[in-house]
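Notes follow once the structure below has been shown.
Remember, predicted model here, so these are calculated numbers, not experimental data. For this chain, numbers begin at 1 and follow the sequence in order.
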Amino acid sequence: MELAYPVVAGALRPLLRHGMRWALEGEDHLPRSGPIIVAANHISYLDPLAIALVADRRGRRVRYLAKRELFDRKVLGGFLRAAGQIPVARGTSDAAAALDEAIGALRTGQCVVVFPEGTISTDLEPMAGHTGTARLAALSGVPVVPLGIWGTHRVLTKGRSPRWRAGVATNVVIGEPIPVAPDRSEEHTSEL
């Protein structure tokens with residue numbers, strides 16, 4: 001994570017920061033240190049980059065739970081592994097293994113980002129969330145920071161041709177951390 005993450009972040013930071021028109025609310029709700037789970041909506045392929053930019057402003061690096069299929073792509077998969085991202089085998093019994101890896105990251109004080117919907121919403125309507133975020137919070141006892149993003153879908157989203165242009169309004173709203181008491185009945189639970 002020490003090599004790949006800063007190289008790609010350094011290359012993309014100026015493009016994102018200056019290529020879009022940002023409105024950011026609640027930035028102080030994302031702690032500068034310590035374990036935290038960020039739960040965000042997902043409307044664009046750019047969402048992970050936008051969230052990483054916001055976290056970077058707070059001095060944080062992020063680890064995403066991302067679908068395993070992304071790790072199968074030669075270049076992208078190599079970067080994701082080198083940057084310490086967490087593969088999720090969606091729809092299989094192996095999907096829960098990603099929670100173990102995420103809990104390990106939280107134990108070391110990292111910021112773990114989850115998209116509860118599990119995929120990009122193609123009609124921009126909220127979808128029902130999966131239980132992974134709640135399970136991760138209960139197993140770890142780590143607070144969840146809700147994050148809403150809007151605007152990235154105007155540039156690059158699922159099912160539409162990319163519309164690359166500068167100055168697209170992008171809004172990010174970060175809510176107050178939601179404390180979650182750890183579930184002591186689970187074997188994975190330990191003090192963080």
Is [X] reaching over with its side chain to a backbone N or O of [Y], donor-acceptor style, under 3.5 angstrom?
X: Gln85; Y: Ala83; answer: yes
X: Arg154; Y: Ala169; answer: yes
X: Arg60; Y: Gly34; answer: yes
X: His29; Y: Ile174; answer: yes
X: Thr157; Y: Ile43; answer: yes
X: Arg90; Y: Glu69; answer: no

Taking the side chain as every heavy atom from C-beta outward, state whether [X] and [Y] have any pair of such atoms under 4.5 Å apart.
X: Leu106; Y: Leu136; answer: yes
X: Thr152; Y: Met20; answer: yes
X: Val62; Y: Val38; answer: no
X: Pro48; Y: His42; answer: yes
X: Leu70; Y: Tyr64; answer: no
X: Ile36; Y: Pro143; answer: yes
X: Ile178; Y: Pro146; answer: yes

Across all chains, not counting sequence neighbours, the side-chain hydrogen bond (donor to acceptor under 3.5 Å, both in side chains) partners of Asn41 are none

Q) How long is the span from the CZ atom in Phe71 to the CG atom in Leu80, to the nearest 0.5 Å? A)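 These two atoms lie 4.5 Å from each other.
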
Non-hydrogen atoms of [X] and [Y] that approach each other most closely:
X: Ala102; Y: Val112; result: O-CG2, 4.0 Å
X: Val88; Y: Ala98; result: CG2-CB, 3.6 Å
X: Val145; Y: Gly175; result: CG1-O, 3.6 Å

Among residues two or more places apart or on two chains, list those pairs meeting salt bridge (charged side-chain N to carboxylate O under 4.0 Å, His left out) that have a residue in residues 21-47.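 As it turns out, the salt bridge (charged side-chain N to carboxylate O under 4.0 Å, His left out) pairs with a partner in residues 21-47, which skip direct neighbours, are Glu27-Arg57, Asp28-Arg58.
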
